[in-house]
Amino acid sequence: MRKLVRILLFIVLPATLLAGEGRPTVGLVLSGGGAKGLAHIGVIKVLEELGIPIDYIAGTSMGSVVGGLYAAGVTVEELEDMAVNTNWDDVLYDIIKRRQLRMDQKNWDGRYLLKLPMQGKKVYLPSGIIAGQYIMELLTRLTIPVHDVDDFSKLPIPFLALATDLQNGQGIVLDHGYLPYAIRASMSIPSVFTPMEIDGHYLIDGDRVRNIPVIDIIRRYKPDIIIAVDVSAVLYKRDELRSFLNVMNQSNMYGAVAINEAQLKLADVVIKPDITGLSPLDFSNAADVVKRGETAARALQTRLQALADSLKKFAPLPKPPESSLPDSIFIDAIRIEGLREVSRKTILA
């Protein structure tokens with residue numbers, strides 16, 4: 001079946017050949033890559049312009065952020081606005097401004113260099129530097145319309161995220177539950193973000209198993225055509241291996257590169273944005289990164305246009321998701337339980 005679909009991909013087919021057949025489905029797979037993953041937004045923009053329907057989405061790490069939000073109905077314009085106008089330093093590093101603290105919290109703010117968790121009389125090192133409160137707030141706000149969707153196949157676009165079980169190193173496909181938790185688990189870079197506990201699994205970034213989850217979308221949704229977008233790190237060249245950090249990173253990358261290449265061979269179309277000079281932690285040039293994704297997709301426009309034309313013979317094609325994000329949220333009632341240290345009046349204030 002997949003060989004037949006590959007033949008049909010880029011050939012304009014006679015209408016008689018297509019009569020009575022169902023439209024081939026399209027799966028979009030988005031890799032992890034930190035800030036480089038914002039290039040996925042530019043790719044999606046081009047796919048929309050060409051009229052290529054996206055029936056399923058799978059993502060790892062930043063790919064799960066972009067893919068999960070798009071699957072939830074956030075438009076590509078809203079994704080680009082998020083990428084460019086979000087203060088990523090505040091969001092990713094949980095920087096809480098002093099003016100946002102309560103009066104009693106301001107008394108303690110800045111007194112201590114380090115805060116450590118305790119259990120009984122024992123002090124422990126934290127499981128991650130960043131708790132991720134702000135990123136959860138962002139994900140929760142942008143997915144409000146689908147908070148009641150427990151099965152990700154029922155989202156506007158069926159979706160799955162890939163995470164890694166920290167206890168045994170196995171890949172965990174997240175295709176149900178609370179969408180912001182699934183996205184947050186998939187992007188939990190070890191030692192940077194605290195792991196997420198979901199369904200008894202202690203989860204970290206999915207790139208520890210597969211940074212490009214092509215096989216996972218095949219197993220779960222079985223799309224006929226797969227478009228994979230890869231912003232994974234590449235091996236350094238010889239003249240770049242002069243620092244011990246690059247040498248250490250290179251020695252840890254061989255296995256991941258081999259896995260990525262194996263996954264990309266399962267895809268029908270592979271889009272690789274230019275990530276030269278980009279850091280996974282630098283969100284300061286978000287507009288440029290989005291543009292790089294758009295440029296990479298346009299470089300394959302002839303091929304993608306042929307795919308779009310072949311699919312347009314099946315009518316009607318589904319439209320891209322339309323945002324239903326509310327401008328305001330109205331609170332009907334407030335219930336407060338379990339107060340010990342502060343009064344109810346303080347909480348309401």
Side-chain angles (χ1 to χ4, degrees), residues 1-31 38-59 63 66-67 69-80 153 155-160 212-218 220-231 263-274 290-323:
M1 178 60 183
R2 291 196 64 79
K3 288 185 177 179
L4 175 61
V5 172
R6 287 171 186 257
I7 295 173
L8 300 182
L9 273 178
F10 313 113
I11 301 176
V12 178
L13 299 173
T16 54
L17 181 61
L18 300 176
E21 296 182 6
R23 175 179 66 80
T25 56
V26 179
L28 179 64
V29 180
L30 306 177
S31 80
L38 298 178
H40 297 319
I41 300 171
V43 172
I44 295 174
K45 180 190 291 188
V46 175
L47 296 181
E48 275 196 7
E49 288 178 7
L50 295 176
I52 296 176
I54 299 174
D55 299 294
Y56 309 105
I57 300 177
V66 174
L69 293 178
Y70 189 69
V74 179
T75 68
V76 70
E77 292 80 14
E78 289 168 335
L79 285 173
E80 187 168 9
S153 69
L155 292 169
I157 300 176
F159 170 74
L160 69 83
I212 314 170
V214 179
I215 190 63
D216 302 287
I217 200 172
I218 292 174
R220 178 63 178 86
Y221 294 121
K222 299 178 176 60
D224 298 305
I225 302 164
I226 296 176
I227 300 173
V229 187
D230 180 21
V231 292
Q263 291 297 301
L264 292 176
K265 288 179 181 178
L266 299 174
D268 300 291
V269 181
V270 176
I271 301 174
K272 288 194 172 189
D274 177 15
V290 173
K291 187 66 177 178
R292 293 193 191 200
E294 187 177 342
T295 300
R298 294 199 189 284
L300 295 177
Q301 184 155 341
T302 301
R303 195 176 180 190
L304 291 172
Q305 186 65 65
L307 170 59
D309 292 341
S310 68
L311 293 174
K312 286 174 184 175
K313 295 181 180 296
F314 300 86
L317 291 177
K319 295 181 179 180
E322 295 183 3
S323 176

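These numbers come from a predicted model, not from an experiment.
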J.: Give the minimum heavy-atom separation between P223 and I226, together with the two atoms involved.
T.: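 In terms of heavy atoms, the two residues are closest at CG-CG1, 3.8 Å.
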J.: What I'd like to find out is whether the side chain of R220 reaches to under 4.5 Å of the side chain of S153, using heavy atoms alone.
T.: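 They are in contact (side-chain heavy atoms under 4.5 Å apart), so the answer is yes.
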J.: I want to check something: taking the side chain as every heavy atom from C-beta on, are L28 and I44 in contact at a cut-off of under 4.5 Å?
T.: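 They are in side-chain contact.
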J.: If you measure from CG on L50 to CD on Q305, what distance do you get to the nearest 0.5 Å?
T.: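 Between atom CG of L50 and atom CD of Q305 there are 5.0 Å.
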J.: To the nearest 0.5 Å, tell me how far I212 CD1 sits from L264 CG.
T.: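 I212 atom CD1 to L264 atom CG measures 4.0 Å (nearest 0.5 Å).
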J.: Let me confirm one number: the OH-CG distance from Y70 to L30, rounded to the nearest 0.5 Å.
T.: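 Spacing of OH (Y70) from CG (L30) equals 10.5 Å.
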J.: Taking all heavy atoms of G27 and all of I217, pick out the closest pair and write down the distance.
T.: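 Result for this residue pair: CA-CD1, 3.9 Å.
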J.: What closest approach, in Å, do D224 and P24 show between heavy atoms, and which atom pair accounts for it?
T.: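 Taking D224 first and P24 second, the nearest heavy atoms are OD2-CA, 3.2 Å.
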J.: Do the non-hydrogen side-chain atoms of R292 and V231 ever get within less than 4.5 Å of each other?
T.: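 Sidechains of V231 and R292: no contact.
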J.: Looking at residues at least two apart in the chain, or sitting in another chain, which of them share a side-chain hydrogen bond (donor to acceptor under 3.5 Å, both in side chains) with Y56?
T.: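 Not a single residue meets the side-chain hydrogen bond (donor to acceptor under 3.5 Å, both in side chains) criterion with Y56.
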J.: Taking the side chain as every heavy atom from C-beta outward, state whether L307 and I227 have any pair of such atoms under 4.5 Å apart.
T.: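 Yes. Closest side-chain heavy atoms under 4.5 Å.
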J.: Taking the side chain as C-beta and beyond, is there a heavy-atom pair between E49 and Q301 under 4.5 Å?
T.: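 Of all side-chain heavy-atom pairs linking Q301 with E49, none is under 4.5 Å.
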J.: Who passes side-chain hydrogen bond (donor to acceptor under 3.5 Å, both in side chains) against T295, sequence neighbours left out?
T.: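 Expected list: none.
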J.: Would you check if P273 and H40 make a side-chain contact, meaning some heavy-atom pair closer than 4.5 Å?
T.: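 No. Closest side-chain heavy atoms not under 4.5 Å.
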J.: Find the distance between NZ (K291) and CD1 (I41) and round it off to the nearest 0.5 Å.
T.: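 K291 NZ to I41 CD1: 14.0 Å, rounded to 0.5 Å.
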J.: How far apart are the closest heavy atoms of V26 and I52, and which atoms are they?
T.: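 Closest approach of V26 to I52, heavy atoms only: CG1-CG2, 4.4 Å.
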J.: Would the number of heavy atoms belonging to other residues, nucleotides or ligands and lying under 6.0 Å from NZ of K312 be above 12?
T.: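 More than 12 within 6.0 Å, yes.
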J.: Which value, rounded to the nearest 0.5 Å, describes the distance between I157 atom CD1 and I57 atom CD1?
T.: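 Answer for the CD1-CD1 pair, I157 versus I57, is 4.0 Å.
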J.: Side-chain contact, heavy-atom cut-off 4.5 Å: Y221 with D55?
T.: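 Not in contact.
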J.: Locate the shortest heavy-atom distance separating L155 from F159; write the atom from each residue and the value.
T.: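 Reported closest heavy-atom pair: CD1-CB, 3.9 Å.
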J.: How long is the straight-line distance from CD1 of I215 back to NZ of K265, given to the nearest 0.5 Å?
T.: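 Atom-to-atom, K265:NZ and I215:CD1 are 14.0 Å apart.
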J.: List for me each residue that meets side-chain hydrogen bond (donor to acceptor under 3.5 Å, both in side chains) alongside K45, sequence neighbours excluded, and say none if there are none.
T.: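 Here the qualifying residues are E80.
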J.: Heavy atoms only: give me the nearest V43-A297 pair and the separation to one decimal.
T.: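 Scanning both residues completely, I find the closest heavy atoms to be CA-CB, 4.2 Å.
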J.: Between L311 and I225, does a side-chain contact (heavy atoms from CB on, under 4.5 Å) hold up when you go through it step by step?
T.: CA-CA 11 Å; L311 293 174; I225 302 164; 4.3 Å; yes
J.: Do the side chains of R23 and P318 get nearer than 4.5 Å, heavy atoms only?
T.: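 Sidechains of R23 and P318: in contact.
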